[in-house]
Amino acid sequence: MPPAVKNQFASDNYAGICPEAMQAMHEANQGCATSYGDDPWTARACNALRQFFETDCEVFFVFNGTAANSLALASLCNSYHSVICHQTAHVETDECGASEFFSNGTKLLTVGGADGKIDLAQVEHTVTKRSDIHYPKPRVLTITQPTELGTLYTPQELIAVHGLTKRLGLKLHVDGARFANAVAALNVPPRELTWRAGVDVLTFGGTKCGLPVGEAVVFFDKKLAFEFDYRCKQAGQLASKMRFLSAPWLGILENDALLRHASHANDCARKLAKRLSAISGVKLVHPTEANAVFVQLPQHAIDGLRQRGWVFYTFIGSGHCRFMCSWATCDEDIDALVTDLQQLQP
Ligand SMILES: *Cc1c(COP(=O)(O)O)cnc(C)c1O
């Protein structure tokens, strides 16, 4: 058996399946059930998500975030439209053009903004600078919550975002690959970060918060979900044994495990950020608001950590070091990283 990856802060998708999701999978594995989503587990998981958001929304389960984002965006656009996103957005940098592909050409237009959050003035400029027929017509604003740089849009900031999208006639999509971490960190009801703040569609990440696989696409404006089931099927995203995508959601929603695990990951990141920034030569590059810690390290420290077997990313955003915590991160992991970094001091 290959050894488990130790010494990793690479990503929350390195972590395994949380016990509550595993238990729910196990319970769903009793006998036969109707396929393609017409099973009791899927109906219950959809209802659990409606309860979570305290509204009657349309819910679809797909295999991954790239599909969730790109199919959601495709359903909001025609091929001649454009989608505005931050230049560090996952849809722009890490989805291999899936949004453009599934929408048959809808163009992503990028804007800047500090710490991974879109600059509203730049959004407005991008939308209003042209109104002629040669420009891809702006149709959607997509933001990431928490952002790719581990920061959060506060409910107040979301209200400002919504004010702008409403004024400009844009739909609002949220890439919530780590949405649970945002809810836990901001400590507000999920409704305040979604439909109450004008969000039309949310990609709700399950994988990174402890599910084996799968994300939920949640349409708060139910009209926008028109024929979304066909879109999923055509894209190869309709699971035939759907109960094994949906039951794990039930497992983490029914006993609040989702937010407990997300809080744990956020707490780990906060601890790690505090201890790392106390080491000389280590500089925090973005505020640690969810479960990611971004630091600038001297090159010898990066090389030294890698030599000691540490796995972490240096390709996100500004190219500094990202240490990502998950539901499975423990104090020993944090201690071990901090100790190694201290020993690598010149
Ligand atoms: C991980 C992630 C996704 C989804 O990625 P998949 O690998 O396609 O599941 C989407 N958006 C963000 C911000 C992510 O971090």
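Just follow the structure's listing: the first ligand is 1, and inside any ligand the first atom is 1. Quick note: numbers below take in every heavy atom, side chains included, and nothing from hydrogens, waters or symmetry partners.
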4.0 Å heavy-atom contact, Thr144 with ligand 1: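 Right, Thr144 reaches ligand 1.
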Which ligand 1 atoms does Glu95 reach within 4.0 Å, using its non-hydrogen atoms? 10 (C)
For atom 4 (C) of ligand 1, what's the nearest protein heavy-atom neighbour? Residue, atom name and distance, please. Gly65 CA, 3.4 Å
Do Thr42 side-chain atoms and Asp38 backbone N/O form a donor-acceptor pair below 3.5 Å?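 Here the side-chain-to-backbone pair does not exist.
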Between the side chains of Glu20 and Asn255, is a donor N or O closer than 3.5 angstrom to an acceptor N or O? no
Using heavy-atom distances only, which candidate in Arg178, Met324, Lys208, Gln145 approaches atom 14 (C) of ligand 1 most closely?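 Checking each option, the heavy atom nearest atom 14 (C) of ligand 1 is found in Lys208.
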Is the distance between the ring centroids of Phe294 and His320 under 6.0 Å? no
Would you call the rings of Phe312 and Phe323 parallel, tilted or perpendicular, taking 30° and 60° as the class edges? tilted
Checking a contact table here: which protein heavy atom is nearest atom 11 (N) of ligand 1, and how many Å away? Asp175 OD2, 2.6 Å
Should one rank Thr88, Thr66, Thr93, Asp94 by closest heavy-atom distance to atom 7 (O) of ligand 1, which comes out on top? Thr66
Can you tell me the protein heavy atom closest to atom 10 (C) of ligand 1 and the distance?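 It is His90 ND1, 3.3 Å.
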Glu215 heavy atom under 4.0 Å from ligand 1: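 Contact check Glu215 vs ligand 1: negative.
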Residue pair Glu95 / His90, side-chain donor-acceptor N/O under 3.5 Å: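 Side-chain D/A pair, Glu95 to His90: present.
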Criterion side-chain hydrogen bond (donor to acceptor under 3.5 Å, both in side chains) on Asn13 and Ser11, from CA distance to verdict: CA-CA 5 Å; Asn13 61 16; Ser11 184; 3.0 Å; yes
Can you name the one residue among Phe220, Trp195, Phe219 that meets ring-ring contact (aromatic ring centres under 6.0 Å, His included) with Phe53? Phe220
With a 4.0 Å heavy-atom cut-off (strictly under), which part of Asn69 contacts ligand 1: side chain, backbone, both or neither? side chain
